[in-house]
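Here the structure comes first, spelled out in structure tokens, and everything after it is commentary.
Residue numbers begin at 1 in each chain, while the letters A, B, ... track the order of the sequences.
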Amino acid sequence: MTGKNSEAGAAQVAAAAGAEREFLTFRLGEEEYAIDILKVQEIRGYGGVTRIARAPSFIKGVINLRGTIIPIVDLRDRFGVGELTYDEFTIVIVLNLSDRVVGIVVDSVSDVMRLTEDHIRPAPDFSTAVDTRYIEGLADMDDGMVIVLEINGMMSDPGMELQNAELG
Amino acid sequence: MSDNDFRAVFFEEAAEHLQTIEDELLTLDADPGDSEALNSVFRAAHSIKGSAGMFGFTTLAEFTHHLETLLDLVRKGQAVLDDDRVELTLQAVDEIRAIVDRLRDGEESPPADTDLTRALVAAVATAQRGEAAPGDSAVGDDEGFGLFDDEPGQPAQEDREFGGDDDSFGLFSDDEVAADPDEDDGFGFFDQEEALSGSVASAACASWFDEMFTEGEDHGPAPSSGEQNTASGDTENSPGEARETTPAPRSDDPETDGGFGWLNRPEAGAEAETPAPAPPSRPARRNNDGGGSLRVSLEKVDELVNQISELVITRAMLQETADQLDPAANERHLATLEVLERNTRELQESVLSIRLLPVSSLYSRFPRVVRDLSRKMGKQVELIQLGEQTELDKSLIEKLADPLTHLVRNSIDHGIEMPEQRLAAGKPEKGQVIMTAEHEGGNIVIAISDDGAGMDRNRILAKARSNGIEVSDDWSDDAVFGLIFEPGFSTAAEVTDISGRGVGMDVVRRNIRELGGTVDVDSRLGDGSRFTVRLPLTLAITDGMVVRVGAERYVLPLATVVESLQLTPDDIHEVQGKARVIHRHGDYLSLLDLAAILDPARPRQEGDDNLAVVVESEGRQVALLVDELVGQQQIVIKNLESNYRRVEGFSGATVMGDGTVAFILDVSHFVARSDSGRDAPVITPNNRIPD
């Protein structure tokens with residue numbers, strides 16, 4: 001794997017070389033999504049979440065991840081898909097993004113897959129739960145299609161309310 | 001350790017030594033007879049010179065040498081440390097500091113200021129002409145040998161440098177063992193040297209050291225095997241220690257120690273010495289020098305703090321499971337857990353205290369600031385510093401230095417009047433600037449007050465108008481004085497290079513705000529002004545009171561908690577139908593329903609109004625309704641913003657014993673909330689309502 005350092009760098013290098021990248025795929029509602037596995041720190045069960053007063057409903061709260069306090073975002077709630085149940089089988093993917101660690105709740109984790117840049121094709125304008133701005137492309141899977149997410153951008157979208165609002 | 005690491009140590013040590021010189025000089029300025037202070041100054045200058053030579057910073061070493069020579073003459077009673085010489089010495093300290101800074105920035109050999117060098121040399125010459133004793137090193141010698149004459153520590157340290165490439169510092173601490181053949185010669189020479197008079201010895205040494213100096217550098221990367229042997233004999237000496245302690249034993253009297261002081265163990269040095277310096281002063285000095293401190297990066301400390309808090313949490317989790325065990329059957333298990341708890345707590349306290357420094361380390365710069373400025377302006381100012389032992393976080397100390405310096409300068413420049421004006425106003429000729437530091441609730445409060453002229457509200461108002469700021473004559477004093485923190489605001493009659501350019505107070509306020517603090521000013525025309533800086537104790541740990549509100553637990557910083565109250569319906573008064581207050585010690589306090597604020601969806605229940613905690617921030621109180629008092633405990637403050645965002649009403653978060661997160665309530669937010677009337681009150685805590 002080349003160009004671990006930055007996503008853009010990785011994408012470029014990979015594109016030039018037609019290199020393979022590894023992706024973690026997960027299910028949100030009826031759709032299958034893929035994120036760069038280098039952004040994934042760990043996968044854990046849901047639990048120990050402390051609710052934040054007056055936060056939007058998709059921000060479930062914060063957890064203590066070995067001394068670090070990280071927010072938990074329920075992507076099912078955020079995008080209005082799936083069933084909002086919370087038990088020990090609920091999956092949290094802990095993402096290590098460029099400047100922060102965030103946990104996301106998804107319906108289920110499916111697989112780890114390898115994709116070359118050639119496999120990822122630009123997404124046409126179509127209707128998904130996720131804003132198309134944050135879709136890197138689409139790729140074929142054995143039994144259907146997977147949507148490759150640009151997760152860094154998606155999580156720093158103001159709509160996620162994960163960052164301090166810009167002043168002024 | 002690489003060469004660069006050594007240099008970094010040198011720079012840090014040099015800064016410390018310079019601070020010592022400055023502090024002690026100011027002591028001497030007040031009490032010229034303080035010989036211990038004088039000796040400290042000398043030792044510090046000497047150490048700088050020695051280390052500078054060792055790193056090949058020749059310009060620094062030479063310049064410091066002149067200073068050292070002057071100090072030596074003073075120390076021997078051949079020169080008086082009068083006002084001019086103190087001034088000269090302070091200037092020299094500044095110059096050394098400047099050179100050190102330039103070296104740190106990578107400059108090769110920054111030249112010393114020639115005028116200052118000349119002044120120092122002249123001062124030395126004058127002093128020597130006075131009642132120069134035969135044994136003194138003449139000015140001519142100084143020029144001839146530069147840093148090497150009567151400087152026994154020098155070659156030792158050069159040696160140490162090339163030894164340093166091999167980490168074999170031991171060699172130079174146990175000097176009886178000769179390693180290098182060249183050094184053998186040197187040792188032999190010096191061993192026979194005891195009979196020689198100081199001046200001859202130093203001259204002879206000088207040439208020998210010159211030789212050694214060059215050879216030493218050439219030898220650099222190829223230390224002899226002998227060095228390694230000796231190194232093993234003395235490995236416990238860290239490089240830093242070796243450098244600091246070696247010059248110390250000899251520093252009393254380089255003259256008589258001649259060239260061999262550094263070669264001997266301290267006792268041997270004492271034997272060889274002339275009786276002039278009092279032997280009893282030695283042990284004390286060695287204590288000073290060998291203080292045994294260790295430099296550790298703040299990051300490492302923070303990491304340690306984090307790890308400890310993890311340990312604390314893990315222990316608490318263990319305790320929770322143990323609580324379910326049968327006490328009789330698991331006695332040993334439970335007893336061990338208790339020991340673990342105590343150990344963990346002690347460990348935690350020790351680790352957290354590493355970050356704390358007494359405010360005196362912040363104070364130390366101000367005597368100099370006050371002295372220089374008051375001289376420059378022809379004012380007489382006495383600086384009084386109180387609360388020196390108040391501890392605060394190291395990072396705060398660093399960030400407070402500049403704003404406080406500005407405030408102190410401001411007090412002297414704008415506050416304290418000229419002596420004649422003071423006399424005319426019936427005040428003592430000498431003005432006072434008082435710095436105090438104390439903990440107040442969860443804050444540290446540092447105040448700088450002066451007994452000067454105070455601020456003239458009419459002048460400030462006039463200035464504000466001319467600056468185009470809209471003001472009104474019936475503004476409160478607070479509001480008027482607050483104007484001085486506006487950008488571009490200065491009422492100094494004339495602009496000086498000290499202050500008056502209006503680029504100060506707004507920066508001060510901004511800096512302090514960035515630290516999450518406030519700065520206030522209070523002034524009485526004719527009586528003086530007082531600037532109060534309030535900062536939250538942004539420490540990693542604090543004591544907290546854990547309360548439950550709805551399903552969640554929250555932490556109130558214990559320092560803000562005044563009392564907790566059981567309420568009956570009779571205690572609660574409705575104001576204007578909605579706001580509620582309680583009557584307490586003659587005051588009415590706003591009553592805020594935390595559940596309604598933190599969990600608006602929760603339906604109100606019977607018993608919701610039973611329990612309140614009175615908290616205080618910035619001198620104002622508010623009562624908060626809670627569901628339950630869970631208990632008090634030490635909490636480790638975690639930043640919410642590193643992975644999430646700022647949340648109004650929370651000042652941070654912490655991890656509880658069961659591993660979950662609890663938010664720390666920002667009391668000042670709730671106090672302000674009670675003021676703004678958003679939630680309830682029209683009545684602020686300190687407004688009395690007539691019964």
Report, one line per pair, each donor and acceptor closer than 3.5 Å where one atom sits in a side chain of residues 102-111 of chain A; sequence neighbours left out.
unit_1, atom_1, unit_2, atom_2, d
A:Asp107, OD2, A:Gly29, N, 2.6
A:Ser110, OG, A:Glu32, OE2, 2.3

Contact leader toward chain B among A:Ile52, A:Ile70, A:Ile59, A:Ile63, where contacts are heavy-atom pairs under 4.5 Å
A:Ile52
Largest heavy-atom contact set with chain A, pairs under 4.5 Å, which of B:Glu552, B:Met656, B:Arg553:
B:Glu552
Chain A contact via B:Gln307 - which portion, at a heavy-atom distance below 4.5 Å
neither
So, the part of B:Tyr644 with a heavy atom under 4.5 Å from chain A: the answer is both
Applying the side chain to side chain contact (heavy atoms under 4.5 Å, CB included) test to A:Phe23, which of A:Val146, A:Ile120, A:Leu38 qualifies?
A:Ile120
Quick check against the 3.5 Å criterion: does A:Arg133 have a side-chain atom that pairs as donor or acceptor with the backbone of A:Asp157?
no
Mind checking what makes side chain to side chain donor-acceptor pair (under 3.5 Å) contact with A:Gln41, not counting sequence neighbours?
A:Asn96
